[in-house]
Amino acid sequence: MLKVHFNEDAPPAVRETGDGTVIYRTCAAGLGCHNQGCGLRVHVKDGVIRKVEGDPDHPITKGRLCVRCLTALEYINHEDRLLHPLKRVGKRGENKWERITWDEALDAVVEKYRQTVESYGVNAVAVLCGTGREASKYHHPLAFDVFGTQTVIHPNSGWSCIVPRKAMMRWAMGAPYIEIDNAAGLAGRYDDPAWECPKYMLVWGRDPLRSNADGLWGHSMIEMMKRGCKLIVADPRVNWLATRAEYHLQLRPGTDGALAIGLLNVVIEEGLYDHDFVDRWTYGFDELARRCREYPVEDVARITGVDPDDIRGAARCLSEKPSTLSMGLAVDQNPNCLQIGHALLSLFAICGNMDIPGGCLMGATSTFGGQVENKPKGEDEDAEPEGLAKYDNTDTPMIGHDRYPAMGALVMTAHPDAALDAIETGAPHPVKFAYIFNNNPIACMVTQPKRWYEALRKLDFIVVADLFMTPTVLGLADIVLPASSYFEHDGLISNNNFSQPGQLGSNIKVIPNMGETKSDLEIIIELHKRLYPRSANVKYRSPEDYFNAELSQVPGLDVSFSQIREKVIGQYELDYRKYEKGLLRPDGAVGFNTPTGRIELYSTQLARFGEDPLPYYLAPKYSKEERPDLFEEYPLTMTTGARRFTSFHSENRQIKTLREMHPWPTVQINPTTAAGLGIDDGAWVWIENHFGRVRMVAEVTPIVQEDVVSCDHGWWYPEGDPDSLYGVFEANVSSLIPHEENGPLGFGTHYKCMPCKVYRAQGGE
Ligand SMILES: Nc1nc2c(c(=O)[nH]1)N[C@H]1C(S)=C(S)[C@@H](COP(=O)(O)OP(=O)(O)OC[C@H]3O[C@@H](n4cnc5c(=O)[nH]c(N)nc54)[C@H](O)[C@@H]3O)O[C@H]1N2
Ligand SMILES: Nc1nc2c(c(=O)[nH]1)N[C@H]1C(S)=C(S)[C@@H](COP(=O)(O)OP(=O)(O)OC[C@H]3O[C@@H](n4cnc5c(=O)[nH]c(N)nc54)[C@H](O)[C@@H]3O)O[C@H]1N2
Ligand SMILES: [Mo]
């Protein structure tokens, strides 16, 4: 099922030029980005990188690079890089450190680990992890195989990043991931005879040109537009894609559920769906149709602020075949997330757009990395003796899985909000030790960062691995481990853990390590050796053995890391119409991998967890309608976190060129609103609500409506005062967003819809 194409005509992986320069081709998933890995040519002379440029022979990125890769040299050579292991010598947050050796650092981690296990049980050891980079492939191995703990915490309130979307892809469609068909796996790309250009692409709460999120390169959208694909954009802001759309559905933040069901309503009422597909492959159409009738277009228009004719017009376009769907983070960052995802996927399902060329591609059932998979414990034949099983953890639910069993059925991580409660209260079990890596929780990932900070500060022991001294490292670490950049270690790259067609690439070490840095994988291999010196586990012998073990887990794939390394990059392809070929279900039967074997418009899985099995609209908790009392004082609606080219979350704030392009945290505000408040473009303002306030610079722009503002997220000032943890609590907008106000099954939260007011502040940095 998985076909891999290598381009035999591409230049070699390593090439010497006459003057002693070596040019490496590598897929560097890096320097502040997700793990898809853009093609780079890196020019190295005398062990020093002289130049980084795009690799024109990479079949997907074709030489294109974003500004963060183009400033790679500033990043890797930055004077603030952590280069040696450190031990805290002052109080937590006092910024007093002593340089220690790796042996001392790792011995300290192992000693504290053993003490914690002895005194409090192994689940008192927590691994805290951040967004999906290469490093996030190692969160579970570190927790399960090395520490044997099940306390894995991805502290993003409501697991509001990709997991809600994946929940409905999995539960209603039986697919690990569903994405636009941008021909990424096809050898001929857009010219491949197997591909068809979509007629329409619905881009919903996503800005892929900036975010390149979840394994998708945004520039493929422009390639598709050039070939005739038209856009429909659902976004409260007039972003670049919206200005080129046939319909820009400029909805009020947080009203996505109503709009999605409204579109379904039109398609069903007007009989525009694919009757044959619905009959053969879906379950619960009549119930869905009845539910949609409760959402007449005029009502939906009133709730969302979108013109009713635009809703009708967009729905009619989307019923044409093939059309495709690009769903983004705004779906997840809403307590209504499961229903929004369910409604949008149902729209494309009933129009017959699932898994056809130019439609919505369904990932294969096998994913590796296991990042969000909950495999039943004990069924894995290769389970390691020194892994989770050793500790007989199987009877203790992971934190929050009893409160939120639906999330427990989907992911092998604690419920993020319940994890904070556990750290604070010691129930259901104490948490005393944290290994934090690839994560800057107090500057970025959590809501209520001060509360998380206070809770984490009380732990007995914290080790943080990072490339820079961040607010999290400074405020919390007892031991600091310096992580290497993508130029200093090897890595294996795939698109969204193989759940979508795309690249199979190698990230190559091109320079000696800076200082004493080590990759996360090298660190966990060393910890594994220390804890299990007699282990026979091949995976933990070396990074290369680890990558080969990863590759061997992908069914149908017969390729080694050294082959990929030699070829730099391969493309892997998945079949279309897998449901007709018996390729989606483990039993090999035709149909979808759901209990009914069909796409479940009426979700038996949601019903199993006591949730309404059909999509419905849940109004934002703090909207004018729901909380008129708050509206008087906080009349503006705030959405946060729309991605910028110049940073990846809280990263890159110390990169000079990028700071020059986007120097301060920014709130986008409409000119009429700004004028009424006496706010000029570029002025410092406070954004405040009943949870607190943060200070940002006003960007006066008509891309937001008069009652909406859009705030940057993930801000801190590396150049700022260490005593204030680099100003993190004044800059981090997530202080204004609540803890544990998730959807009914524990998914989603209010990152993109909170009330606020904006007023002038005294200027200066
Ligand atoms: N440069 C850069 N790239 C990144 C990241 C980064 O920090 N920087 N972060 C990465 C991560 S972890 C993720 S999850 C992805 C996310 O990337 P995307 O999925 O693209 O999400 P966002 O950039 O948060 O938002 C996209 C759009 O949603 C709109 N929006 C805001 N509120 C609402 C709403 O209520 N409803 C709707 N329909 N739309 C709304 C915003 O105006 C914005 O245009 O990006 C990844 N890529
Ligand atoms: N208000 C608001 N808040 C949000 C969002 C929003 O839209 N609005 N988006 C949310 C989303 S979707 C997400 S995913 C989270 C992301 O939240 P985080 O994952 O906490 O964000 P990052 O800033 O990417 O933090 C990653 C840290 O890891 C370090 N790092 C980078 N590469 C490596 C590596 O290879 N090894 C190690 N050990 N460390 C490395 C970086 O220097 C950085 O300090 O933020 C969430 N927060
Ligand atoms: Mo994310």
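Here the structure is a predicted model, which means the values were calculated and not measured. These values consider heavy atoms only, across backbone and side chains, with no hydrogens, waters or symmetry-generated copies. Numbering of ligands and ligand atoms starts at 1, following listing order.
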Strictly under 4.0 Å, does any heavy atom of [X] approach an atom of ligand 1?
{"X": "Pro236", "answer": "yes"}
{"X": "Arg68", "answer": "yes"}
{"X": "Cys161", "answer": "yes"}

Quiz prompt | Which segment of Ser647 sits under 4.0 Å of ligand 1 when only heavy atoms are counted | solution = backbone
Nearest non-hydrogen contact with [atom] belongs to which option: [options]?
{"atom": "atom 10 (C) of ligand 1", "options": "Phe648, Trp204, Tyr751", "value": "Phe648"}
{"atom": "atom 42 (O) of ligand 1", "options": "Arg237, His649, Arg252, Arg210", "value": "Arg237"}
{"atom": "atom 36 (N) of ligand 1", "options": "Val704, Asp256, Val67", "value": "Asp256"}
{"atom": "atom 1 (N) of ligand 1", "options": "His750, Arg644, Arg643", "value": "Arg644"}
{"atom": "atom 24 (O) of ligand 1", "options": "His713, Lys752, Arg206, Met638", "value": "Lys752"}
{"atom": "atom 47 (N) of ligand 1", "options": "Ser650, Ala260, Ser211", "value": "Ser211"}
{"atom": "atom 43 (C) of ligand 1", "options": "Val708, Asn212, Asp235, Leu251", "value": "Asp235"}

Please work out, at 4.0 Å between heavy atoms, whether the side chain, the backbone, both, or neither of [X] comes within that distance of ligand 2.
{"X": "Thr447", "answer": "neither"}
{"X": "Asn440", "answer": "both"}
{"X": "Thr640", "answer": "both"}
{"X": "Thr472", "answer": "neither"}
{"X": "Leu329", "answer": "side chain"}

Exercise. Could you list the residues that satisfy side chain to side chain contact (heavy atoms under 4.5 Å, CB included) with Glu246, not counting sequence neighbours?
Key: Tyr200, Lys230
Quiz prompt | Donor + acceptor pair across side chains of Asn440, Thr472 (<3.5 Å) | solution = yes
Exercise. Answer yes or no for Gly714: is there a heavy-atom contact with ligand 2 below 4.0 Å?
Key: no
Quiz prompt | With Tyr751 via side chain to side chain donor-acceptor pair (under 3.5 Å) - residues at least two apart | solution = Asn156
Quiz prompt | Asn439 N/O under 3.5 Å from ligand 2 N/O | solution = yes
Exercise. Please confirm whether Asn156 comes within less than 3.5 Å of ligand 2 when only nitrogen or oxygen atoms on both sides are compared.
Key: no
Quiz item: Is there side-chain contact between Leu736 and Met754, with at least one heavy-atom pair below 4.5 Å?
Solution: no
Exercise. Identify whether the distance between the nearest side-chain nitrogen and carboxylate oxygen of Glu550 and Lys137 falls below 4.0 Å.
Key: yes
Quiz item: Could you go step by step and tell me if Arg133 and Glu651 meet the salt bridge (Lys or Arg N to Asp or Glu O under 4.0 Å) rule?
Solution: CA-CA 13 Å; Arg133 297 191 178 82; Glu651 273 200 87; 2.7 Å; yes
